[in-house]
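Each chain gets a letter, A, B and so on, in the order the sequences are listed, and its residues count up from 1.
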2 protein chains.
Amino acid sequence: MELVHSLTLHLSAFVSLSDADREVLDKALRKRARILAPRQDIIREGEKPRFVNVILEGWAQRYKQLADGRRQILSFFVPGDLCDTNVFILKSMDHSLSAVTQVRLAEISQREFQEIIETSPRIAQALWWSELVTVAIQREWTTSIGQRTAYERIAHLLCEMFVRLRTIGRTQERSCEFPLTQSEIADATGLTQVHVNRTVQEMRREGLIEIRNKRLEVHDLRALMAVAMFNPNYLHLEAGGHECIAPE
Amino acid sequence: MELVHSLTLHLSAFVSLSDADREVLDKALRKRARILAPRQDIIREGEKPRFVNVILEGWAQRYKQLADGRRQILSFFVPGDLCDTNVFILKSMDHSLSAVTQVRLAEISQREFQEIIETSPRIAQALWWSELVTVAIQREWTTSIGQRTAYERIAHLLCEMFVRLRTIGRTQERSCEFPLTQSEIADATGLTQVHVNRTVQEMRREGLIEIRNKRLEVHDLRALMAVAMFNPNYLHLEAGGHECIAPE
DNA sequence: CGAAGGATTGATTAGTCTCAACGCAAGTGG
DNA sequence: CCACTTGCGTTGAGACTAATCAATCCTTCG
């Protein structure tokens, strides 16, 4: 059923799962669900982590706040993404998770998670892969913020989200959902909202992209990837049944 | 013996290991060793990862290079640190590892690694913890580069390295080894070498720190942590037998 | 002693931030 | 159903952080 699709699709970018595997995931995702309003926190820095959260619907984000209020968004989650696999070991969260849009998620307890891993080595592997990709994305963001210009950074973010959505079948030809406000893009890229605005306008003027009505239209993905110096290797999609590199 | 100390100490920040555990680690670290000259690559982006690398002596770094040559250093490794736990799953590296100073490291094969984990659940847990800390550090770096000023960023890096070295017993009262050049600090913080120079001078003028002869002298850790807004929670040292927060 | 790597300095510029409005659309309450 | 609010995008002017370019200096080391 549809609820499971996103996680299955996500993991399928790495291995193809058997029906039994799917069943196992399906069951785990049904146990404990939560619906959050936009902006609502899922878990806050300092709290004790108790579940692995799986996004079923909507976008979420990981963020960190400095003592004086400055906020850095550390990653976005889309349907199928797992937040903080195996985080149980830690005493407390060093960052927060919150909903961007309305979010439906499944909570998996430590015991359930353990069970899944022991039941299916293939899923265990896929979860490992997913975790490694999450870290790789974090590294890419560090690189982006550290080295890329504002223009390149935003372009890179757009490329990443587009490609990630494509692997879970959530893109059209050249467009996808894109519920982020310019403020959120700013907090994710280490820029100000004003500068994001000007930069996005520039990208629009140059015919690269358009963002409106919570949708992103990518007029020329090739060109966008080029200016962003986007190399999708860090998403490690090469093993799955999906395309990982650009369109034709 | 001394070779093992650093990894044992590193993991001991999370759990205390039994003599048997130590023995297991000791054995694994003895199998395959490598010595690298300063600047030498350990493994390069694009290559197939075959080992878990454990730093026994010296400092190493993880970095990423953009198509046009801009380089971002993503993290530093000090003795006891593991590079890329469980990375075997992936087809190719999305980043490179290289020696900063001369480095002695141990290579652990997939099979050996598997064995360790199966032999000792406590070590397995500790390795998980170590991996989670690595990711947490990456997130903190993203935050640092995205939100902190040059001054704060450098201060934060210094705090982090000092605290990490302290947990493996490699600090004096208020100083520690610090083999990074200003260029390397620049690549790690997303600044230019020139600006790092001026900023470090400022920190020196203000009596916070001094860097010379490959050593860092921290005159006032409290103050340094304050300006960096350094919160050590992300290092997750709370469970071990070591201090995690500031000095006296 | 010469070479090389690293640190330092100065002058100038570019990119991004800050502050302050304003516009527009959608939602809300009276 | 209209006035008000709220959130988000847009614009302008000016300030400032950090980058750039180009030397110069210092240390170390073969």
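Separating the CZ atom of A/Arg212 from the P atom of D/dG9 is a distance of 14 Å, rounded to the nearest angstrom. Atom-to-atom, CD1 of B/Ile185 to C1' of D/dA18 comes out at 16 Å; the value is rounded to the nearest Å. Taking atom CD1 of B/Ile154 as the reference point, atom C1' of D/dA18 lies 11 Å away to the nearest angstrom. As a whole-Å value, the separation of B/Leu191 CG from C/dA14 P is 20 Å. For A/Glu152 and D/dA19, the CD to C1' distance is 14 Å, given to the nearest whole Å. A/Arg39 places its CZ atom 8 Å from the C1' atom of D/dG7, with the value rounded to the nearest Å. Taking atom NE2 of A/His195 as the reference point, atom P of C/dT18 lies 12 Å away to the nearest angstrom. Taking atom CD of residue A/Glu202 and atom P of nucleotide D/dT11, one finds them 13 Å apart after rounding to whole Å.
When the side-chain nitrogen and oxygen atoms of A/Gln201 are compared with OP1 and OP2 of D/dG9, none of them lie within a distance under 4.0 Å. The phosphate of D/dT20 (OP1 or OP2) has no side-chain N or O of B/Gln193 nearer than 4.0 angstrom.
Taking every side-chain heavy atom of B/Thr192 into account, D/dT20 is the closest of D/dT20, D/dA18, C/dA7. Closest approach to the B/Asn197 side chain among C/dA7, C/dT18, D/dG9 is made by C/dA7 (side chain taken as heavy atoms from C-beta onward). In the set D/dA18, C/dT18, C/dT16, C/dT16 carries the atom at the smallest distance from any side-chain atom of A/Arg153. Closest approach to the B/Gln182 side chain among D/dA18, C/dT8, C/dT16 is made by C/dT8 (side chain taken as heavy atoms from C-beta onward). Between C/dC17, D/dT10, C/dA7, one nucleotide has an atom nearer to the side chain of A/Arg204 than all others, and that is D/dT10.
Nucleic acid contact class of A/Thr149 (heavy atoms, under 4.0 Å, all strands): sugar-phosphate only.
Heavy atoms of other residues, nucleotides or ligands lying less than 6.0 angstrom from CZ of A/Arg32 number more than 12.
Closest-nucleotide positions on DNA chain C for B/Leu180 and A/Val194 were compared, and the one nearer the 5' end corresponds to B/Leu180.
At a threshold of 4.0 Å, the pair B/Arg70-B/Asp187 does not count as salt-bridged, since none of the basic side-chain nitrogens sits closer than that to a carboxylate oxygen. Classification of A/Asp81 and A/Arg164 as a salt-bridged pair holds, one side-chain N sitting under 4.0 Å from a carboxylate O. Taking 4.0 Å as the cut-off between side-chain N and carboxylate O, B/Glu57 and B/Arg170 count as a salt-bridged pair.
Both tests hold for B/Arg71 against B/Tyr63: distance to the six-membered ring centre under 6.0 Å, angle to the ring axis within 45°.
Between the side chain of A/Arg205 and the base of D/dT10, no donor-acceptor pair of N or O atoms lies under 3.5 Å. Side chain A/Arg198 to base D/dG9: no donor-acceptor pair is found below 3.5 Å.
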